[in-house]
Amino acid sequence: METYKHILLALDFSEPDSYVIQKARHLAEMFRARLSIIHVLDNIPMPDMAYGTKIRLDENSGDDLLETEKSKLKQIGDELGVGPACRWMVWGVPGPEIVRLAEEEDIDLVIVGSHGRHGLALLLGSTANSVLHHAKCDVMAIRLPDEVTSDEPLGEIAARMSG
Ligand code: AMP
């Protein structure tokens, strides 16, 4: 069977990320695949930047908010053993930018979290939906646990969910 060689994990830095991270780690180990990570910056105004611009991770921008986002990516990258060359931060709309990077980097599996939305939210679409519909490679949507609450430490959630 053809196995996955390069997996891209999409991170929104929300609380349930830790659950998706554990799954991605196991899958990458299982397939002995290279693992890359991406966070699309969609929460900091970047008026002079075109969508799709890759943010330099190796130099200080002087913008505290941006540096905070970079340090989150660095922390997860370090935790997963993902080297700097496989860490991506891109300015834009998450769905299209994840799909674009997947094509550019020859990704054969994209992993996203899925909230299992229904009703109006589903009609409006979500990042998971967007990637699922537009990516040329396989996409794995990890159903995020509904019961995650903001009071519970991340490590405990991950341990409970993977156990
Ligand atoms: P959403 O559809 O926005 O609820 O997000 C579902 C999943 O899409 C998240 O678990 C991530 O895997 C991915 N995602 C959402 N927003 C971003 C983002 N800004 N950067 C990277 N991945 C994202």
Side-chain angles (χ1 to χ4, degrees), residues 4 6-28 33-46 49-57 61 63 65-80 82 84-105 107-150 152 154-155 157-158 160-162:
Y4 296 112
H6 194 179
I7 298 175
L8 178 65
L9 168 61
L11 298 160
D12 61 4
F13 298 156
S14 66
E15 200 144 340
D17 259 2
S18 65
Y19 181 59
V20 183
I21 289 168
Q22 305 308 326
K23 292 256 177 162
R25 186 203 302 270
H26 287 142
L27 285 165
R34 179 145 64 102
L35 185 59
S36 288
I37 55 178
I38 179 172
H39 174 70
V40 181
L41 265 188
D42 60 348
N43 55 348
I44 302 177
M46 299 271 181
M49 215 178 254
Y51 278 0
T53 302
K54 297 187 174 83
I55 311 287
R56 292 209 57 157
L57 299 171
S61 63
D63 178 328
L65 281 177
L66 180 54
E67 291 309 308
T68 303
E69 297 298 280
K70 284 191 202 174
S71 69
K72 289 181 196 166
L73 191 72
K74 180 180 184 314
Q75 192 187 336
I76 295 171
D78 289 349
E79 214 176 285
L80 280 171
V82 169
C86 294
R87 301 175 187 179
W88 301 97
M89 185 168 280
V90 182
W91 161 240
V93 179
E97 295 311 332
I98 293 166
V99 169
R100 190 202 311 244
L101 189 88
E103 283 171 31
E104 283 174 10
E105 290 299 304
I107 299 291
D108 42 25
L109 177 67
V110 177
I111 299 179
V112 290
S114 166
H115 292 284
R117 292 196 182 105
H118 41 79
L120 247 195
L122 183 61
L123 286 178
L124 291 174
S126 66
T127 302
N129 262 329
S130 165
V131 175
L132 196 57
H133 285 109
H134 298 289
K136 297 206 174 104
C137 63
D138 288 358
V139 177
M140 182 177 286
I142 307 286
R143 176 59 57 92
L144 299 172
D146 292 334
E147 67 266 36
V148 170
T149 67
S150 56
E152 191 172 5
L154 292 182
I157 296 167
R160 177 162 54 80
M161 295 303 160
S162 63

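For ligands, and for the atoms within them, numbers begin at 1 and follow the listed sequence. This structure is a prediction, so every number in the text was calculated from the model and none was measured.
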- prompt: Salt-bridged, Glu104 to Lys54, with N to O below 4.0 Å?
  reply: yes
field: Ligand-side contact atoms (ligand 1) for residue partner Ala128, heavy atom cut-off under 4.0 Å
entry: 2 (O)
- prompt: With atoms numbered from 1 as shown, which atoms in ligand 1 lie under 4.0 angstrom from a non-hydrogen atom of His39?
  reply: 19 (N), 20 (N), 21 (C)
- prompt: With backbone taken as N, CA, C and O and side chain as the heavy atoms from C-beta onward, which portion of Ser126 lies under 4.0 Å from ligand 1: side chain, backbone, both, or neither?
  reply: both
Check this for me - ligand 1, [X], N or O atoms closer than 3.5 angstrom, yes or no?
X      : result
Leu11  : yes
Thr127 : yes
Ile38  : no
Leu144 : no
Gly113 : yes

- prompt: For atom 16 (N) of ligand 1, which candidate among Asp12, Asn43, Ile111 provides the closest heavy atom?
  reply: Asp12
task: Decide side-chain hydrogen bond (donor to acceptor under 3.5 Å, both in side chains) for Asp12 and Ser14; before the verdict, give the C-alpha distance in whole Å, the side-chain angles of both, and the deciding distance to 0.1 Å.
output: CA-CA 5 Å; Asp12 61 4; Ser14 66; 2.7 Å; yes
Greater than 12 external heavy atoms within 6.0 Å of Gln75's CD: no
task: Answer yes or no: does atom NZ of Lys74 have more than 12 heavy-atom neighbours from other residues, nucleotides or ligands under 6.0 Å?
output: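 12 or below, so no.
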message: Quick check: closest heavy atoms across Trp91 and Val40, and the distance to 0.1 Å?
response: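 So the two residues come closest at C-CG1, 4.5 Å.
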task: Given side-chain hydrogen bond (donor to acceptor under 3.5 Å, both in side chains), test Glu105 with Ser36 step by step and report yes or no.
output: CA-CA 9 Å; Glu105 290 299 304; Ser36 288; 5.6 Å; no
field: Donor-acceptor under 3.5 Å (Arg87 side chain, Val82 main chain)
entry: yes
